[in-house]
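Here is the structure we will look at.
First listed ligand is number 1; within each ligand, the first listed atom is number 1. Since the model is a prediction, treat every value here as computed from it, not as a measurement. Along the sequence shown, the residues carry numbers beginning at 1.
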Amino acid sequence: MAEAEAAEARPPSDVSILFVGDLVGGNGRRTLLDCLPILRERYAPRFVVVNGENVAGGLGITPKIADELFAAGVDAITLGNHTYHRREIYPYLDAQPRILRPANFLRSQPGHGFCVVENDGQRLGVVNLSGNLYLRAGRSAFTEVEVALRELGAVDHVLVDMHAEATSEKVGMGWHLDGRVTAVVGTHTHVPTADARVLPGGTAYITDVGMTGPRGGVIGVKRDQAIQALLTQMPTRFETSEEDPWLMGVIIRCSRPLRADSIEQVLMPRPLPAEAAVS
Ligand SMILES: [Fe+2]
Ligand SMILES: [Fe+2]
């Protein structure tokens with residue numbers, strides 16, 4: 001079904017949100033760009049949000065890459081523990097409202113942790129959080145999310161990216177926000193989990209959506225280098241793998257404000273050049 005027809009067929013209040021897990025390197029960026037036209041036709045998402053914390057060569061993001069993602073129709077970019085790897089992004093984080101670093105970083109750190117994007121009269125609030133276990137975040141995700149939700153103001157939907165190592169913190173955040181936001185999606189581990197569901201209060205939840213990039217590596221790194229580092233326990237040069245690129249994300253469908261009807265995993269190999277060209 002063409003995108004326009006898909007948009008016409010759904011009820012006016014029907015909103016779907018495509019969230020895509022950590023883009024890893026140029027491979028992840030190109031995989032997203034090749035998959036997006038197919039996913040737009042398949043799901044007609046009203047909003048597209050991606051986590052971009054690894055998109056610049058595996059660590060961080062640059063203004064040029066962020067601009068390229070926005071030009072491709074991405075509505076908002078979330079980040080995580082690799083936010084500040086590239087210095088050139090610091091002023092951009094303050095100037096561009098639609099790129100987020102975790103809201104529970106220190107207030108003194110560049111950037112901001114939430115935004116509102118509007119498409120076809122629907123307002124989506126996006127909140128980025130960092131877990132506090134095994135990651136450096138200056139303030140509690142659980143207290144700072146309250147501030148972010150209050151300051152978002154009137155919105156139709158809220159998507160929270162909980163970027164965290166510990167499954168306990170992510171599951172806890174899902175329950176904490178159940179019935180108050182549209183979706184809580186986990187990122188950071190680069191491995192998708194099998195627990196996508198709508199919680200009883202109506203919040204879509206998944207512990208980790210996975211990553212977008214080379215499935216043939218070790219969470220994005222060339223596997224020989226990763227195995228060498230694990231074997232020798234010595235500093236090893238890490239490069240982004242190019243093998244077996246996949247897009248990993250979720251599609252969240254909604255027909256009432258701040259509640260989800262469904263959450264479905266999207267696990268898709270990068271299309272071959274001929275497939276990408278015809279879509
Ligand atoms: Fe990541
Ligand atoms: Fe991360």
Side-chain angles (χ1 to χ4, degrees), residues 18-32 35 48-62 65-66 69 74 76-86 89 93 99-106 109-111 113 126-141 144-145 159-171 173 184-193 206-223 225-226 229 238-250 265-267 270:
L18 174 66
F19 179 83
V20 178
D22 306 25
L23 308 177
V24 178
N27 183 302
R29 189 175 75 245
R30 289 188 298 273
T31 301
L32 172 77
C35 291
V48 178
V49 180
V50 306
N51 184 297
E53 72 146 6
N54 304 105
V55 73
L59 294 171
I61 188 167
T62 63
I65 297 173
L69 296 176
V74 167
I77 301 170
T78 55
L79 298 168
N81 52 304
H82 296 303
T83 295
Y84 300 119
H85 191 77
R86 302 285 188 135
I89 200 67
L93 291 175
I99 189 166
L100 307 178
R101 51 81 162 156
N104 56 317
F105 280 2
L106 296 176
Q109 291 177 280
V126 184
V127 180
N128 193 188
L129 298 171
S130 167
N132 294 96
L133 280 171
Y134 314 126
L135 289 176
R136 185 181 289 174
R139 298 178 294 156
S140 161
E144 289 310 310
V145 73
L159 172 80
V160 176
D161 173 1
M162 176 67 173
H163 193 82
E165 183 79 41
T167 52
S168 56
E169 281 187 310
K170 297 196 233 189
V171 174
M173 186 59 76
V184 176
V185 293
T187 55
H188 175 69
T189 71
H190 293 196
V191 178
T193 55
I206 185 167
T207 297
D208 208 296
V209 303
M211 69 173 207
T212 294
R215 210 179 54 154
V218 175
I219 62 170
V221 171
K222 283 184 178 173
R223 62 174 179 266
Q225 295 173 345
F238 281 168
E239 293 163 310
T240 303
S241 167
E242 290 291 326
E243 256 183 79
D244 193 20
W246 279 56
L247 179 142
M248 300 182 187
V250 287
Q265 274 183 302
V266 180
L267 302 173
R270 182 182 177 188

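With hydrogens and angles ignored, the 3.5 Å screen pairs a side-chain donor or acceptor of R101 with a backbone N or O of G111. Side chain of Q225 to main chain of E239: a donor-acceptor pair is present (N/O by atom type, distance under 3.5 Å, no hydrogens or angles). Judged by distance alone, with hydrogens and angles left aside, the side-chain atoms of H190 form a donor-acceptor pair with the main-chain N or O of I219 at under 3.5 Å.
Using the six-membered ring where Trp is involved, H188 and H163 have ring planes that are perpendicular, over 60° apart on the 30 and 60° scheme.
Distances shorter than 2.8 Å separate the Fe ion (ligand 2) from the protein N/O/S atoms E53 OE2, N81 OD1, H163 NE2, H188 ND1.
Looking at L133 and S168, their side chains come closer than 4.5 Å, going by heavy atoms from C-beta outward.
Rounding to the nearest 0.5 Å places CG of L23 at 9.5 Å from CZ of R29.
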